[in-house]
Amino acid sequence: MENTNTIKYLSDLKEGETGVITKVKGYGAFRKRIGEMGFVFGTMVKVIKKAPLLDPVEYELMNYRVSLRKSEADLIEVLSEQEAASLEMKDFEGTISSQSTRKTLHSKRKSINVALVGNPNCGKTTLFNLATGRHEKVGNYSGVTVDIKTARLTRKGYEINLTDLPGTYSISEYSPEELFVRKHITNDLPDVVVNVIDASNLERNLFLTTQLIDMNIKVVIVLNMFDELEKSGAKFNHRALAEMIGIPIIPTIASKGIGLEELLDEIIAIDEENEPVYRHIHISYGSHINKAIELISLEIKKNKTLTDKYHTHYTAIKLLENDSVFTAEIEAMPDTEEILNCAKREISKLEKEFKEKSSSQIADAKYAFIRGALKETLKRKKDQTVEKSHRPDKFLTHKWLGFPIFLFFMWAMFQSTFSLGSYPADWIDAGVSWLSDLVGSNMGEGPLRALIVDGIIGGVGGVIVFLPNILILFFCISLMEDTGYMARAAFIMDRLMHKIGLHGKSFIPLLMGFGCNVPAIMATRTLESKKDRLLTMLIIPFMSCSARLPVYVLLISAFFTKNQGLVLLSIYSIGVLVAIMMSLIFNKIFFSKKEAPFVMELPPYRTPTLRNTVIHMWDKSVQYLSKMGTVILGASIIIWALGYFPRDKEETLTRPETIQVAENNLTNQSVDSNAETVDFEIAKESEHMENSYIGKIGHFIEPVIRPLGFDWKIGVSIVTGLAAKEIVVGSMGVLYHSDLAADETSVNLQTKLQQQTYTRGPKAGQKVFSPLVAYTFMIFVLLYFPCIAVIAAIRREAGTKWAVFTMVYTTAVAWLVAFGVYQIGNLF
Ligand code: GDP
Ligand code: MG
């Protein structure tokens, strides 16, 4: 039993002595850094040289030398050379690999320190007595004198040191007990924390658990009073909950001695890192708090002393909670002003916006997490009284009503997006034309005017008309987020999304994709799992964004006289179908590993304020506007230049007589000849376009798109659409107003498209467009390369590799599907 006295730390070894590492204490960044250096379980370390003041010490491991501070070496437990020698180590090569030796070494390790934490009266002491055979007082704990009881027991060769801590509802700063428990965890560094929870009162008990999750420590949950839970008739899928939160859960009835063996085995398993369920999750605190945590974390990461002591995420949350004891501790550490200033800024931002203390906001988010976790795993016998702020859940997430209500909201959102948005869109359209006329008439002819009018105003203006629709869509989405309904929508969709290998939360970004893919890609940040984030990003481009709508409207009104709405719906549906198929395929190829499920938070319903909703809408819109200002502007200029140059070719077209006459007599120019002038200008422009670089690109890619039934002009439109799909219609306007004889008066673009014929090649004389070609074209526009801004967004979120992949695969899918549609359609 004096085993514990012989526990050696790396710092205890003398110069020239060797030890084998049996345990690395400490958290987060420290463990990671030390692990990367090779200080992991089973590694042999030799002390090379101790500095005069014993700090730092130089060590040799795996044939290279590193130095550690004494404080660091204090956290590494070792087995002395003699003890190590007594082990079977034939295949020893610096680190131990054989399974049996690892086991021996594990059991040689002296002890596992376990702390029992939990709410008052959850049965900790009963469990402690049961495990240790002691008879500590059982009952409600109270009083300020905080004393702890420790006892030792042995199991499977391990010595387990069990510590019974005072009961607390939380580990914040409110009471001496809470502080005491927190200090014990952060300073005494127990190897495993056993979180005892009262199964008959899960909501309240799990609150403490969420704080332990933040700390990133090894936790085992004891689901005590399991008898009470069963007596109440409730059904609790604790295995599902364990998977979601990444913490093993052991049901026990401490008063009857049931479950103790399993608990002890679990403690050993988790300490040996031999527990598949165990993983560290981040609780999602909602986009605003998450963002604040992210910003504070960035500052914290610059401070090594701090990251070695506490898990970065935990430090950030504690600071954001404005925990005075914790903040004071950080203040006392060197170089922390920036961190604290950042935290202060974020706190005041949050409190100003939500008019609530940041700590209550965080507590609310923790309860949202708990509620979401229990909603999926706990079925109570009869509906117990629901808190007032959650009463709407009775309907909104109801088994039968939930879905129709949800569909209604979706329909209302899209309807208002398009119908309400069309008025301001018309005004903006008029404004853009006015501006372009104004500039056009006040500048001399030449490349500069062409650049400003056609390139900049034409390009950006064509896109900005969609701003009202986008604003309304974002307003609706912000409203759904602010009221708390968005979380329910994700909840309702969860089962369906699982069928295609995604998570309910992916639904929100996908939905936003119908408005604009760019903010949708950004919204994937709310997903916890990397796989879900990536997969969602990869299929968002198939959600037909509002920029593609003008193309459909043009082609459908030109080539489909009946069932126009249905045709449009079919396009959108094909997008969704392709997204589902791709999701299933990617799941098979890239993400075959099954991922653990996670919690979907159910925040309380709130009455949104107009001010906040508008602010949130604006935040999202700024992302869209910045796309306008940068990517679209740049692309518009490039496309304009490709279409404008080279300028040196002689024009082959001569002006018709009538126009020349009319121009000689400018004062009484007739409406008729005016139209002809316009037509002539367009015809000239079109001929120029064919000879321009972009025309050459169109001709160059013609062989590739011919099997889809497209001519070179469609090719040019497709190429221009790379910048933004809004531009496709504009390019078609320029290209197709032309081939017809100039004497014909201006006919609108739809008619022009219908009359369009091939002028050359085997199909000369035949019509270019048929309903089938138009449909194939729409499918292609739907599916191919989303637009530069989306690719840029994917690159920012997932890296260059995935951005390039998206570019290539979406276009390949578009070609294949369009090819299939055209060729099959041709058979009929
Ligand atoms: P502590 O405050 O967490 O230390 O809780 P205690 O160990 O003092 O237990 C509080 C009360 O719960 C005692 O009356 C125990 O007998 C009772 N208790 C403990 N475990 C169980 C259990 O699994 N089932 C039931 N029904 N009662 C239990
Ligand atoms: Mg007790």
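No hydrogens, no waters, no symmetry mates; every other heavy atom, side chains included, goes into these values. Everything numeric here is computed off the predicted structure, so don't read it as measured data.
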Output yes when a side-chain donor or acceptor of Thr43 lies under 3.5 Å from a complementary backbone atom of Phe39, and no otherwise.
-> no

Does a side-chain N-to-carboxylate-O contact under 4.0 Å join Lys357 and Glu321?
-> no

Taking the side chain as every heavy atom from C-beta outward, state whether Asn205 and Leu208 have any atom pair closer than 4.5 Å.
-> no

Ile289 to Leu320 - nearest heavy-atom pair and separation | CG2-CD2, 3.8 Å

Working for side-chain contact (heavy atoms from CB on, under 4.5 Å), residues Leu263 and Val220 = CA-CA 8 Å; Leu263 171 63; Val220 176; 3.9 Å; yes

When rounded to the nearest 0.5 angstrom, what is the spacing between OG in Ser284 and CG in Asn290?
-> 4.5 Å

Do NZ/NE/NH1/NH2 and the carboxylate oxygens of Asp191 and Lys23 come within less than 4.0 Å?
-> yes

From CG (Asn121) to CG (Asn119), nearest 0.5 Å = 9.5 Å

Can I get a per-line list of side-chain donor-acceptor pairs under 3.5 Å for residues 244-258, giving both atom names and the distance, sequence neighbours left out?
| residue | atom | partner | partner atom | Å |
| --- | --- | --- | --- | --- |
| Thr252 | OG1 | Asn224 | OD1 | 2.9 |

For Glu266 and Tyr278, does a side-chain donor sit closer than 3.5 Å to a side-chain acceptor?
-> no

Could you tell me whether Glu273 and Lys218 make a salt bridge, using a distance below 4.0 angstrom between a side-chain N and a carboxylate O?
-> yes

Contacts of type side-chain contact (heavy atoms from CB on, under 4.5 Å), residue Lys344, not counting sequence neighbours = Asn341

Before accepting this row, confirm whether a basic side-chain N of the pair Asp214/Lys318 lies closer than 4.0 Å to the acidic partner's carboxylate O.
-> no

Output yes when a side-chain donor or acceptor of Arg65 lies under 3.5 Å from a complementary backbone atom of Tyr59, and no otherwise.
-> no

From CA spacing to verdict: side chain to side chain donor-acceptor pair (under 3.5 Å), Thr209, Asn195 | CA-CA 7 Å; Thr209 313; Asn195 179 203; 2.6 Å; yes

Nearest heavy-atom pair of Pro166 and Val181: which atoms, and what distance?
-> O-CG2, 3.7 Å

May I have the step-by-step check of side-chain contact (heavy atoms from CB on, under 4.5 Å) for Glu72 and Asp308, ending in yes or no?
-> CA-CA 9 Å; Glu72 294 171 327; Asp308 275 359; 4.0 Å; yes

side-chain contact (heavy atoms from CB on, under 4.5 Å) filter on Glu294, not counting sequence neighbours, yields none

Using a strict 4.0 Å threshold on nitrogen-to-oxygen distance, state whether Lys231 and Asp227 make a salt bridge.
-> no

Scan side-chain atoms only and decide if Glu177 and Tyr169 contain a donor-acceptor pair under the 3.5 Å cut-off.
-> no

Is there a donor-acceptor pair under 3.5 Å between the side chain of Arg279 and the backbone N or O of Glu243?
-> yes

How long is the span from the CD atom in Glu272 to the CD1 atom in Ile112, to the nearest 0.5 Å?
-> 7.0 Å

Decide if atom CZ of Arg239 counts as having more than 12 heavy atoms of other residues, nucleotides or ligands within a radius under 6.0 Å.
-> no

Shortest non-hydrogen contact from Asp335 toward Ile339 | O-CD1, 4.3 Å

Gap between atom CD1 of Ile300 and atom CG of Leu295 - 0.5 Å precision = 11.0 Å

Looking at side-chain heavy atoms only, is the closest gap between Leu202 and Leu374 below 4.5 Å?
-> yes

Electrostatic pair Arg69:Asp74 at N-O distance under 4.0 angstrom | no

Leu75 and Val24, any side-chain heavy atoms less than 4.5 Å apart = no

Can you tell me if Glu275 uses its side chain to pair, donor with acceptor, with the backbone of Val277 under 3.5 Å?
-> yes

Using the side-chain contact (heavy atoms from CB on, under 4.5 Å) rule, take Val45 and Val78 through it: C-alpha gap first, then chi angles, then the decisive distance, then the call.
-> CA-CA 9 Å; Val45 186; Val78 292; 5.7 Å; no

Can Lys149 and Asp164 be counted as an ion pair, charged N to O under 4.0 angstrom?
-> yes

Give, for atom CG of Asn113 and atom CG of Leu162, the distance between the pair rounded to the nearest 0.5 Å.
-> 10.0 Å

Do Thr336 and Met333 have side-chain heavy atoms sitting under 4.5 Å apart?
-> yes

For Val117 and Lys124, the nearest pair of non-hydrogen atoms, with its separation, is C-CD, 3.6 Å

Lys291 atom NZ: more than 12 heavy-atom contacts under 6.0 Å = no

Mind checking what makes side chain to side chain donor-acceptor pair (under 3.5 Å) contact with Ser170, not counting sequence neighbours?
-> Ser172, Gln211

Taken to the nearest 0.5 Å, the spacing of Thr186 OG1 from Leu189 CG works out to 7.5 Å

Exactly one candidate in Asp323, Asn303, Leu319 meets side chain to side chain contact (heavy atoms under 4.5 Å, CB included) with Ile330; the answer is Leu319

Parallel, tilted or perpendicular: which fits the ring planes of His313 and His282, with parallel below 30° and perpendicular above 60°?
-> parallel

Do Glu159 and Arg152 meet the salt-bridge criterion of a basic N to acidic O distance under 4.0 Å?
-> yes

Qualifying residues under side-chain contact (heavy atoms from CB on, under 4.5 Å), relative to Glu356, sequence neighbours excluded | Ser360, Gln361, Asp364, Arg606

pair Val196-Phe128: side-chain heavy atoms closer than 4.5 Å = no

Would you say the side-chain atoms of Glu299 pair up with the backbone N or O of Ile296, donor to acceptor, closer than 3.5 Å?
-> no

Side chain of Thr312, backbone of Ser297: donor and acceptor closer than 3.5 Å?
-> no

Give a yes-or-no answer on whether the side chains of His311 and His280 include a donor-acceptor pair shorter than 3.5 Å.
-> yes

Can you list every pair that meets ring pair (Phe, Tyr, Trp, His ring centres under 6.0 Å) and has a residue in residues 183-222, with sequence neighbours left out?
-> Phe207-Tyr367

Is a salt bridge present between Glu58 and Lys49, judged by a nitrogen-to-oxygen distance below 4.0 Å?
-> no

Would you please test Phe236 and Phe226 for ring pair (Phe, Tyr, Trp, His ring centres under 6.0 Å) and show each step?
-> CA-CA 10 Å; Phe236 182 39; Phe226 201 66; 7.8 Å; no

Main-chain N/O of Tyr9 paired to Asp12 side chain as donor or acceptor, under 3.5 Å | yes

Any side-chain donor-acceptor pair under 3.5 Å between Ser358 and Asn322?
-> no

What pair of heavy atoms forms the shortest contact from Met44 to Thr18, and how long is it?
-> CG-CG2, 3.3 Å

Side-chain (Lys309) to main-chain (Lys304) donor-acceptor, under 3.5 angstrom | no

Note: Lys301 and Thr307 closest approach over all heavy atoms is CA-CG2, 4.0 Å

Is there a side-chain contact between Ile160 and Thr154 (heavy atoms, below 4.5 Å)?
-> no

